[in-house]
Amino acid sequence: MEPIKVDFTKKGKSGVKDVFIAPEKSWLRILINIIVTLVVAVVAYYFLLPPMNPKALEFYMYFAIVFAAYVASAVLTSKAFSKPEYIPYVKRQAIVPVALIVILAVVLGIGYLTSAALFRAKDYAQLLPVEETEFSNSFSAIDSIEDFNKLPLIDADAAERLADKTLGDLAQIGKESQFEVANAYSTQINYKNAPYRVFPLQYGDIFKWLTNRADGIPGYITVNMNTQQAQFVQLAEGITISPAEHFSRHLNRVLRFAYPTYIFGTPSFEIDETGTPYWICEHIDKKVGLLGGDDVVGVVMVNAVTGEHHYYDIEEIRQGKSVDGTDLAWVDQVYDASLLLQQFNYYGRYSGGFINAYIGQSGVKMSTDGSNFFAIGDDVYLYTGVTSVTSDESILGFIVINQRTKDAFFYSVSGATERAAQNSAQGIVSDKGWAATFPILINLDGEATYLMSLKDSTDVIKAYAMVNVSQFSDAVRSPDDDNPDLRACLQAYIDKLASRGVVIDIDMSGNVVADSVIPEGGDQTDEGQSVTTVAGVISDIRTAVISGNTYYYIELDGSGTYYYVSASLGSEVVLFNVGDHVTLTVNGDPSGELLPAADPVYSEETTAAQ
């Protein structure tokens, strides 16, 4: 029979401190409880990956789970569910873990109070320093039609569809149907002075992971946001570190084990100028109280192939070079778009104080619904319209923020929101049912202008449209439904403004690459073009998959020009190698811009080309 332990030492009315019955071999049960708690702590840490940082909410959740595990184990090992006489014993065992949970809850509550916007509104407003100015030529201006070659003319949705179609190119390496596009981690970057969106891949399912994990993910997909060219880039060695991996190769696990106290934001996928893939991971700190005011204080860069990682302070990233001389200027997204928009909205709402943010609302403003990206110099900028909290259809101006340095500029200009401009552009093609992409803001000789692409239901670009920000009824589009002519759209826009007495001075003598590449709908040739034959040694070959068709881009030594041909028109092109001597019959002037205006066809010639 188990002994009954009674303590009569408590002072009070009854003189009895407590009465409890301890189960047999209670010391062994306590040891089991401790072991169970440690096992739960290890397993929970491995899968939840909480930062060991009191500024993170996950920190409190993790320890609440661990302490609760001890209490639950004490209940089970004492069999208190079936033997109520052991409940006082369990209560005594739970005093310490429950007390620790209460302490964590108190600290968490104090943390919320010290971080509350009610008391810290000014601190939230100062997270993002904003330089305010009038919209003028101080904003990056379009001086010639060739400047359009640096603008993203398709949106993220169209780029995603192009990336999905490019998956078929994996059949060339026997990996068809094994991988999917990881759209959640795609990033718009400035790559080789052109706007690109890069897409990492992920395993199709757990079974495909088991089949392919030894070699890793074979590459990634790039989409040129200006020319609409999508390409699968195969790597010599596969990607082994990503959010699609499991166990020790999972990106979050690599980060947590290397940096146990860091709070991380959403990772972004980028490539450097050599095409090497990296995960750019924000190191977040709380700048307002204990739990509020997220801001980036550094970056962990993880080589997606080798797993090698380095930490760089935010000042090194902003300067574009580390203390040891490593070039960091190629990094484009350090600050996630959602974080920057959150910080701007703090600035817009709380600059006049907390009470003014909700009562009176003098000068209170917020970002519009939606945002886009464009490049200025070598950096990528986030931009969105800014409206008052009481307005839905008009804007006060635009906020433009550098995603690497967090330099923010508010340009004051009144007019229509991006959504209103989209509706205006769609109104002129309402009979066709085309949809307008989220607009790009451009500066045409001081005139704030929205530039959009008009897409059909399959995301094929059918036309371009321009809408004046101040006069959003001034919507024009390129006239030819079968040829999305940006030059024609720009000329129609200039003529439209001229009819209102607004003169736009733009150099129209250059070439627009977007008009000379293959549209997403398929092959295109220009009737009446001259045919020219060029010969030489191949110095570079690149491939892109567009609408399921593989195109080869061939550069001849010293030409400075890429000629493209569809493999469906000349299957022998797949045998070409760098160093082969070939003769190309080209539609158009071979001394022209980056890509000739129509499909070249080739004729085989000599040596290794056979």
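FYI, the numbering just counts along the sequence from 1.
Tyr60 places a side-chain N or O within donor-acceptor distance of the main-chain N or O of Pro54, the cut-off being under 3.5 Å. Of the possible polar contacts, one joining the Asp272 side chain to the Thr276 backbone as a donor-acceptor pair under 3.5 Å is found. Side chain of Tyr347 to backbone of Gln342: no donor-acceptor contact under 3.5 angstrom is found. Here the side chain of Thr326 pairs no donor or acceptor atom with the backbone of Ser322 at under 3.5 angstrom. Put simply, the side chain of Glu180 never gets that close to the backbone of Gln202: no donor and acceptor are under 3.5 Å apart. Side-chain atoms of Asn149 come within 3.5 Å of backbone N or O of Glu146 as a donor-acceptor pair. Between the side chain of Arg120 and the main chain of Ser115, no donor-acceptor pair closer than 3.5 Å is present. Judged by distance alone, the side chain of Gln361 and the main-chain N or O of Ala357 form a donor-acceptor pair under 3.5 Å. Remark: the backbone N or O of Pro267 is not paired with any side-chain donor or acceptor of Glu282 at under 3.5 angstrom. Checked by atom type and distance alone, the side chain of Arg404 pairs as donor or acceptor with a backbone atom of Ile317 at under 3.5 Å.
The shortest side-chain heavy-atom distance between Leu128 and Tyr346 does not fall under the 4.5 Å cut-off. Considering only heavy atoms from C-beta on, Tyr450 comes within 4.5 Å of Val469 through its side chain. Residues Val400 and Leu382 fail the side-chain proximity criterion, which asks for heavy atoms closer than 4.5 Å. Put simply, the side chain of Leu151 reaches to within 4.5 Å of the side chain of Leu451, judged on heavy atoms. The side-chain heavy atoms of Thr449 and Val467, taken from C-beta on, include no pair separated by under 4.5 Å. The shortest distance between side-chain heavy atoms of Ser268 and Trp279 does not fall below 4.5 Å. No side-chain heavy atom of Thr387 sits under 4.5 Å from any side-chain heavy atom of Lys365. Ser414 has its side chain out of reach of Leu396: every pair of non-hydrogen atoms, C-beta onward, lies at least 4.5 Å apart.
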Walk me through whether Val364 and Tyr350 qualify under side chain to side chain contact (heavy atoms under 4.5 Å, CB included). CA-CA 8 Å; Val364 176; Tyr350 295 127; over 6 Å; no
For a side chain to side chain contact (heavy atoms under 4.5 Å, CB included) check, start with the C-alpha distance between Val107 and Leu290, then their side-chain angles and the critical distance, and finish with the verdict. CA-CA 9 Å; Val107 173; Leu290 184 66; 4.2 Å; yes
Using side chain to side chain contact (heavy atoms under 4.5 Å, CB included), reason through Leu57 and Tyr112 one step at a time and then give a plain yes or no. CA-CA 10 Å; Leu57 181 61; Tyr112 271 112; 4.0 Å; yes
Should Phe264 and Val300 be marked as a side chain to side chain contact (heavy atoms under 4.5 Å, CB included) after you check the CA-CA gap, both sets of side-chain angles, and the distance that decides it? CA-CA 9 Å; Phe264 289 105; Val300 176; 3.8 Å; yes
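Heavy atoms only, all atoms of each residue included: Ala44 and Pro50 are closest at O-CD, 4.4 Å. Contact record, Tyr464 with Pro484: CE1-O, 3.0 Å, taken as the closest heavy-atom pair. The two residues Ser509 and Asp507 have their closest heavy-atom pair at OG-OD1, 2.7 Å. When all heavy atoms of Glu418 and Pro439 are compared, the closest pair comes out as CB-CG, 3.6 Å. Among all heavy-atom pairs drawn from Ile239 and Ala304, the shortest one is CG2-O, 3.4 Å. Scanning both residues, Gly307 and Ile241, for their nearest heavy atoms gives CA-CG1, 3.6 Å.
No donor-acceptor contact under 3.5 angstrom links the side chains of Asn190 and Asp332, judged on distance only. Side-chain contact, Glu447 with Asn468: a donor N or O sits under 3.5 Å from an acceptor N or O. Side chains of Asn345 and Ser367: a donor on one and an acceptor on the other come within 3.5 Å. Side chains of Thr187 and Glu270: a donor-acceptor N/O pair is absent below 3.5 angstrom, by distance only.
Residue Glu273 places its CD atom among more than 12 non-hydrogen atoms of other residues, nucleotides or ligands, all under 6.0 Å distant. Other residues, nucleotides and ligands place more than 12 heavy atoms under 6.0 Å from the CG atom of Leu113.
Going from atom OG of Ser144 over to atom CG of Asp505 covers 11.0 Å, rounded to the nearest 0.5 Å. Distance OG1/Thr384 to CG/Leu341: 6.0 Å, rounded to 0.5 Å. How far CG of Leu201 is from CG of Leu167: 6.5 Å, rounded to the nearest 0.5 Å. In this structure, CD1 on Ile506 lies 12.5 Å from CZ on Arg487, to the nearest 0.5 angstrom. Separation of atoms CG (Asp379) and CH2 (Trp330) is listed at 13.0 Å; rounding is to 0.5 Å. Here the straight-line distance linking atom OG1 of Thr222 with atom CD1 of Ile271 works out to 6.5 Å at 0.5 Å rounding.
Ring geometry for Phe438 versus Tyr383: interplanar angle of 30 to 60°, hence tilted. Using cut-offs of 30° and 60° for the angle between ring planes, the Tyr191 and Tyr196 rings count as perpendicular. Ring geometry for Trp209 versus Tyr203: interplanar angle over 60°, hence perpendicular rather than tilted (30 to 60°).
A salt bridge links Lys406 and Asp295; the closest N-O separation between the charged side-chain nitrogens and carboxylate oxygens is under 4.0 Å. Checked for salt-bridge contact, Lys287 and Asp123 miss the test: no charged N lies under 4.0 Å from a carboxylate O. Using a 4.0 Å cut-off between charged side-chain N and carboxylate O, Lys455 and Asp155 make a salt bridge. Residues Asp285 and Lys55 are paired through a salt bridge, judged by an N-O separation under 4.0 Å between the basic side chain and the carboxylate.
With sequence neighbours excluded, the residues satisfying side chain to side chain contact (heavy atoms under 4.5 Å, CB included) with Ala159 are Ile154, Arg197, Phe199, Val223, Met225. Annotation: ring-ring contact (aromatic ring centres under 6.0 Å, His included) contacts of His310 (sequence neighbours excluded): none.
Under the 6.0 Å cut-off for aromatic ring centres, His309 and Tyr259 qualify, their centroids lying closer than that. Annotation: Tyr262 is in aromatic contact with Tyr311 [ring centroid separation under 6.0 Å].
No cation-pi contact links Lys150 to Phe374, judged by a cut-off of 6.0 Å to the six-membered ring centre and 45° from its axis.
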